[in-house]
There are 2 protein chains.
Amino acid sequence: MAKPITIHDIAREAGVSPSTVSRVLNGNVPVAEEKRAAVLAVITKRNYQPSAVAQGLARGRAGVVGVLTQSMSSPFYGEIFSGIEQGLGESPYHPMFANGNWRAEEELAALNLLSQRRVDGLIVLWGTLSDEQLRRVAAETPLVVMGRSVAGIERQCLHINDVRGGYDATRYLIDLGHRRIAHITGLLAQQDARDRYQGYLKALEDSGLPADPQLIVEGDFTEQSGLLAMQALLSRSSRFTAVFVANDQMAYGARLALYRQGIRVPEDISLVGFDDQLGTAYTTPPLTTIRQPVADMGRAAAQVLRQMLDGQPITPRTFEAKLVIRESAVMLRI
Amino acid sequence: MAKPITIHDIAREAGVSPSTVSRVLNGNVPVAEEKRAAVLAVITKRNYQPSAVAQGLARGRAGVVGVLTQSMSSPFYGEIFSGIEQGLGESPYHPMFANGNWRAEEELAALNLLSQRRVDGLIVLWGTLSDEQLRRVAAETPLVVMGRSVAGIERQCLHINDVRGGYDATRYLIDLGHRRIAHITGLLAQQDARDRYQGYLKALEDSGLPADPQLIVEGDFTEQSGLLAMQALLSRSSRFTAVFVANDQMAYGARLALYRQGIRVPEDISLVGFDDQLGTAYTTPPLTTIRQPVADMGRAAAQVLRQMLDGQPITPRTFEAKLVIRESAVMLRI
DNA sequence: CTGAAAGCGCTTACAG
DNA sequence: CTGAAAGCGCTTACAG
């Protein structure tokens, strides 16, 4: 743990002033070729690397983009991390993640942590912060929010239309001939869960199909809740031939519940998920689902944030949820 | 983007010197109660938060732990991220992730990035850096490495015994009565893949079973490669009743290949994976696998690093791969 | 207990 | 082109 070399060490050894070393480092001001060479030589020799934190302090720019996430381990967020990383690419910014865990106080704590680090900008992924809170943050810091639309700053919001997604999923099942379609919702405290649910209802209504309360059960977006929800559905008296599950993770659980009962997918029951999470193409059977292009969205979030940081006009982008047809849902056979 | 308040602003408004503000902030030096109260009042009123980067510079401690990972999106690493986050807990350190992507140059670049940020310590997850490189890093910075054992710094290394894991997986299949057991290896450029393979070979040997080259195919740890590998296996003349797959992701792919051929798991073919990745309990059928306790290991990595940073003696921990019996492998029926 | 000063490792007007 | 100085926002001996 040798004390790191500083710009002064380099200056001394190269026989110039620290200012000059700084100049050759940044390359924005002309420096005499010989000094330049001397400095560079010492830098390579000593393997010197300027301190990004000192630079940040002096420049008034941390070179860090804060990312408020809700989980560090879900593949869903993982794909977004990758997208953000790619979107930041060769920019002078590196992401720093802080986890809110879907809990208001933790989200606030994460926000504080990030703000103490004086991050240059912020990307907020879903979460329970109110629109008002988000607007306040946006007034202080360049912000882009993913997964929701916040009135007043909608140009900085990247999200899909969940109602539409829920509608398309259900509609697909209807078009396949299904009439008794169950729905396992996400955590209804979350807007996206409510929207997908609403889309489901709307699709039924548009086709003149009644919504049967017996056929609707709330999950919490985890595999386990999907399994439990399917068991609940199976135990009720209302029959069904298809189910729209509000995310892929719950769909896995639901599928397992069916497997345990010896009910075949898609022969006996058709299943449609939501998200098209990483790996969903490799389930048995491959899951038909609504794709939410989170990697693209993460990339776009980083790009929009960079535009804001560069003082450029931002180019708002919209994303569509898209039906991905695989093998878990088929035409109803009578 | 109002310019953030500084310690000077607070000092002025509270009628004290910046030093005093700093003292009440840090609470390590006594401060007159009235001044203390005045300062606190202004701090709350202005909602002041000290700059962590300025503090870092002044204290000579960044408050950041660098994590060199190989992927931002895989659930496998995601679980480790969670573990590290938990292990860092209420410590004054926050993780900063940099991705090496299993490519030497990117890993080096990530290391550089982290070192420019003057991280206080480093956690390296797997990767292609040589033992020598890792030893050099360890000489400069508190380091803990996950997933491998580096001679000379083994007390700072957290890993399971992959040979043993491969052995146990294969042995389990043998105990179930299987005699013709195939193996889909991981990327053999990686030590863990080679170790698991070796464990497989050893188990066969110990049971006097011949290793059939026809029954061994190399994958690259992705679902797609597992699918391809299984197709290759199926196309060969050698028959088999069970396969040990070097990780769960490939096992999913392999399972799908079987499904496409109408071959049942576990009735026709038994499958054992490796990792016990998040979600593996919810595949169809639930996958029998070798559990690698990565979340625990991530937690432990953070704890060991904290001990090093605190100058405490480190308590080395060992982790065991453990067979998790689920439903994808059963007794051979003739 | 407390303020003025020096310092952390840089950058960047300023003056030459 | 280049050095000395001031400054970024803190901390922490030092002197009182």
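Letters A, B, ... are given to chains in the order of the sequence lines, protein chains preceding strands, and every chain is numbered from 1.
- One N or O donor and one acceptor, one from the side chain of B/R23 and one from the base of C/dG3, sit under 3.5 Å apart.
- Rounded to an integer number of Å, the gap from B/L57 CG to D/dC8 C1' is 9 Å.
- With contacts defined as side-chain heavy-atom distances shorter than 4.5 Å, the pair A/L68/A/L111 qualifies.
- Between B/V29 and A/A54, the residue anchored closer to the 5' end of DNA chain C is B/V29, taking for each the nucleotide with the nearest heavy atom.
- Side-chain N/O atoms of A/S17 include one lying less than 4.0 angstrom from OP1 or OP2 on D/dG3.
- Across all strands shown, A/V53 has no heavy atoms under 4.0 Å from either base or sugar-phosphate atoms.
- A/R36 has no side-chain polar atom (N or O) that falls below the 4.0 Å cut-off from OP1 or OP2 of D/dT2.
- What separates NE2 of B/H8 from P of C/dA5 is a distance of 12 Å, to the nearest Å.
- Regarding contacts with the backbone of C/dT2, a side-chain N or O of B/K35 is found under 4.0 angstrom from either OP1 or OP2.
- Nearest to the side chain of A/A58, among D/dG3, D/dC10, D/dG7, sits D/dG7.
- Checked against D/dT2, D/dT11, C/dC10, the side chain of A/A32 finds its nearest nucleotide in D/dT2.
- Expressed to the nearest 0.5 Å, how far OH of B/Y93 lies from CG of B/D120 amounts to 5.0 Å.
- The phosphate of D/dG9 has neither OP1 nor OP2 within less than 4.0 Å of any side-chain N or O from B/T6.
- As rounded to whole Å, 17 Å separates atom P of D/dG9 from atom CD of A/Q55.
- Looking at A/R59 and A/N26, their side chains come closer than 4.5 Å, going by heavy atoms from C-beta outward.
- Nearest nucleotide to the side chain of A/R59, out of C/dG7, C/dT12, C/dG3: C/dT12.
- Of the side-chain N and O atoms in B/S22, one or more sit less than 4.0 angstrom from OP1 or OP2 of D/dT11.
- Atom CG of A/L309 sits about 8.5 Å away from atom OG of A/S91, to the nearest 0.5 Å.
- Atoms CG (B/L25) and C1' (D/dG9) sit 12 Å apart, rounded to a whole Å.
- Atoms CD (A/E33) and P (D/dC1) sit 10 Å apart, rounded to a whole Å.
- Close to C/dC1, at under 4.0 Å from its OP1 or OP2, lies no side-chain N or O of B/T20.
- Whole-Å rounding puts the A/R12 CZ to C/dC10 C1' distance at 16 Å.
- Partner assigned to D/dC14 is C/dG3, using Watson-Crick or G-U wobble distances below 3.5 angstrom.
- Residue A/S19 has its side chain nearest to D/dG3 when only D/dT11, C/dC1, D/dG3 are considered.
- What separates CD1 of A/I5 from C1' of C/dC10 is a distance of 15 Å, to the nearest Å.
- Side-chain N/O atoms of A/R118 include one lying less than 4.0 angstrom from OP1 or OP2 on D/dC10.
- Using a 4.0 Å heavy-atom cutoff across all strands shown, B/R61 reaches no nucleic acid atom at all.
- Summary of the strand contacts: A/V31 and B/V21 both lie near DNA chain D, and taking for each the nucleotide with the nearest heavy atom, the more 5' one is attributed to A/V31.
- Of the candidate nucleotides D/dT12, D/dC10, C/dT2, D/dC10 has the atom lying nearest to any side-chain atom of B/Y48.
- B/N28 has its CG atom 7 Å from the P atom of D/dT12, to the nearest Å.
- Note that SG of A/C157 and CG of A/L143 are 7.5 Å apart. Values are rounded to the nearest 0.5 Å.
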After noting the C-alpha distance and the side-chain angles of A/D131 and A/R148, does the key distance pass the salt bridge (charged side-chain N to carboxylate O under 4.0 Å, His left out) rule? CA-CA 9 Å; A/D131 283 12; A/R148 33 195 291 202; 2.9 Å; yes

